[in-house]
Amino acid sequence: MSLARVHNFSVSLDGFATGEGLSREAPFGHAGERLHQWMFATRWWHERSGDAGGTSGADDVFVRRFEPGIGAEIMGAGKYGYPGWHEDPEWKGWWGPNPPFHTPTFVLTRHTRPPLAMEGGTTFHFLDTSPADALKTAREAAGGKDVRIGGGATVIREFLAARLIDHLHVVVVPIVLGRGVRLWDGLEGLERDYAVDTVTTSSGVTHLTFERTAR
């Protein structure tokens, strides 16, 4: 069976994956882009942006694991758009006409709408269903490849609570946000079902990887 994977999911030292005060103008609220600066510095990011340079150390190695072997994506309504996006029939996500997923992408939302085909192979499907049923649907669409759980924190937390995630990569960034949406709430004892490894890099971030030990 294909795996359910999370990659490059950044949280603050106090566990927040996004800030408070999300809006169309501030997708991460008061956190801004501070949780993702480590990624922007990598060679992988520079290549995607058409720029030269970038770091080539462990951060770059980790960030490149985002794409290989992925056949479908699941994300929450909060990753797809700003609060209230469902009231805008013209909203097509944050990423422009060619989103970076290039696979069937399933948005978990109470506000469903018809599928939306974009350039580059991404088609957004809007589902009002449970994590388990969403994963079953995504696996069917993935054609034997793995399914990436893209976030945000609430969606990943729900999948973790149900032990549906096989590989979890969390990047702990050395900042304190103090408010926002936390990843770890309600997940006491999670480590008992996963093998956990850590790598700290010269950028100051710590990469945590969780591999599920029982299926």
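Just so it is clear, the values below take in all heavy atoms, side chains as well, and ignore hydrogens, waters and symmetry mates.
Looking only at atom types and distance, the side chain of Arg5 has a donor-acceptor partner in the side chain of His7 under 3.5 Å away. Defined by atom type and a distance below 3.5 Å, a donor-acceptor pair is missing between the side-chain atoms of Glu20 and His30. For the residue pair Thr200 and Thr206, a side-chain donor N or O sits within less than 3.5 Å of a side-chain acceptor on the partner. With no hydrogens or angles considered, a side-chain donor-acceptor pair links Asp59 and Thr201 at under 3.5 Å.
A donor-acceptor pair under 3.5 Å is formed between the side chain of Ser23 and the backbone N or O of Ala26. Checked by atom type and distance alone, the side chain of Thr109 pairs as donor or acceptor with a backbone atom of His111 at under 3.5 Å. The backbone N or O of Asp133 lies less than 3.5 Å from a partner atom in the side chain of Thr137, making a donor-acceptor pair. In this structure a side-chain-to-backbone donor-acceptor pair under 3.5 Å is missing from Thr123 to Pro104.
Because its NZ or CZ atom is both nearer than 6.0 Å to the ring centre of Phe66 and within 45° of the ring axis, Arg148 counts as a cation-pi partner of that residue. Figure legend: Arg64 and Phe62 shown without cation-pi pairing, the cationic atom not lying both under 6.0 angstrom from the six-membered ring centre and within 45 degrees of its axis.
Linking ILVMFWY residues whenever their side-chain heavy atoms come closer than 4.5 Å, directly or via other members, leaves Val171 and Leu168 in distinct clusters. If you chain together hydrophobic residues whose side chains sit under 4.5 Å apart, Phe106 and Ile149 fall into the same group. By the rule that hydrophobic residues join a cluster once side-chain heavy atoms approach within less than 4.5 Å of another member, Trp38 and Val11 end up as members of separate clusters. No continuous path of ILVMFWY side-chain contacts below 4.5 Å connects Val147 to Met75, so the two sit in separate hydrophobic clusters. When hydrophobic clusters are built by joining Ile, Leu, Val, Met, Phe, Trp and Tyr residues whose side-chain heavy atoms come closer than 4.5 Å, directly or via intermediates, Val63 is not grouped with Val199.
One finds a salt bridge joining Arg182 and Asp185 here, because a Lys/Arg side-chain nitrogen approaches an Asp/Glu carboxylate oxygen to under 4.0 Å. Using a 4.0 Å cut-off between a side-chain N of Lys or Arg and a carboxylate O of Asp or Glu, Arg212 and Asp193 do not qualify as a salt bridge. A salt bridge links Lys79 with Glu73: the distance from a Lys NZ or Arg NE/NH1/NH2 to an Asp or Glu carboxylate oxygen falls below 4.0 Å.
When the shell of 6.0 Å around CD of Glu188 is examined, it contains 12 or fewer heavy atoms from other residues, nucleotides or ligands.
Between Pro174 and Val205, the closest side-chain pair of non-hydrogen atoms falls below 4.5 Å. Looking only at side-chain heavy atoms (C-beta outward), Asp88 and Tyr82 come within less than 4.5 Å of each other. Side-chain contact check for Leu13 versus Leu177: every heavy-atom pair is 4.5 Å or farther apart. Within the 4.5 Å cutoff, side-chain heavy atoms of Phe124 are placed close to those of Pro99. Contact check for Leu108 versus Ile74: side-chain heavy atoms found under the 4.5 Å cut-off. In this structure the side chain of Leu116 reaches within 4.5 angstrom of the side chain of Phe126, judged on heavy atoms. When side chains are defined from C-beta on, Thr55 does not count as touching His46, because their heavy atoms never get closer than 4.5 Å. In this structure the side chain of Asn98 reaches within 4.5 angstrom of the side chain of His102, judged on heavy atoms.
The only member of Lys145, Glu140, Arg139 that meets side-chain hydrogen bond (donor to acceptor under 3.5 Å, both in side chains) when paired with Ser2 is Arg139. The side chain to side chain contact (heavy atoms under 4.5 Å, CB included) test with Tyr194 is passed by exactly one of Leu208, Leu160, Thr209: Leu160.
Between Leu187 and Leu183 the shortest heavy-atom distance is CD1-O, 3.7 Å. Nearest heavy-atom pair across Phe16 and Gly178 is CE1-C, 3.6 Å. The minimum heavy-atom distance linking Phe28 with Leu22 is given by the pair C-CD1, 4.1 Å. Residues Ala138 and Ala72 approach most closely at O-CB, 3.6 Å, considering heavy atoms. Of all heavy-atom pairs spanning Leu35 and Ala17, the tightest one is CD1-O, 3.3 Å. Nearest heavy atom pair, residue Leu190 against residue Trp184, reads CD2-CZ3, 3.8 Å.
With rounding to the nearest 0.5 angstrom, the CG atom of Asp128 is 6.5 Å from the OG1 atom of Thr112. To the nearest 0.5 Å, atoms NE2 (His125) and CZ (Arg113) are separated by 14.0 Å. A distance of 4.5 Å separates CG of Leu3 from CG of Asp166, quoted to the nearest 0.5 Å. Rounding to the nearest 0.5 Å gives a distance of 7.0 Å between CD1 of Ile165 and CZ of Phe159. Atom-to-atom distance recorded for Gln37:CD and Ser10:OG is 10.5 Å, nearest 0.5 angstrom. The structure places OG1 of Thr103 at 10.0 Å from CD of Glu67, a figure rounded to the nearest 0.5 Å.
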One pair to check against side chain to side chain contact (heavy atoms under 4.5 Å, CB included): His169 and His207. What are the steps and the verdict? CA-CA 7 Å; His169 170 223; His207 297 269; 2.9 Å; yes

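For Asp14, the side-chain hydrogen bond (donor to acceptor under 3.5 Å, both in side chains) criterion is met by Ser12, not counting sequence neighbours. Annotation: side-chain hydrogen bond (donor to acceptor under 3.5 Å, both in side chains) contacts of Thr105 (sequence neighbours excluded): none.
Ring pair Trp91/Trp94 is perpendicular by interplanar angle, where above 60° counts as perpendicular and below 30° as parallel.
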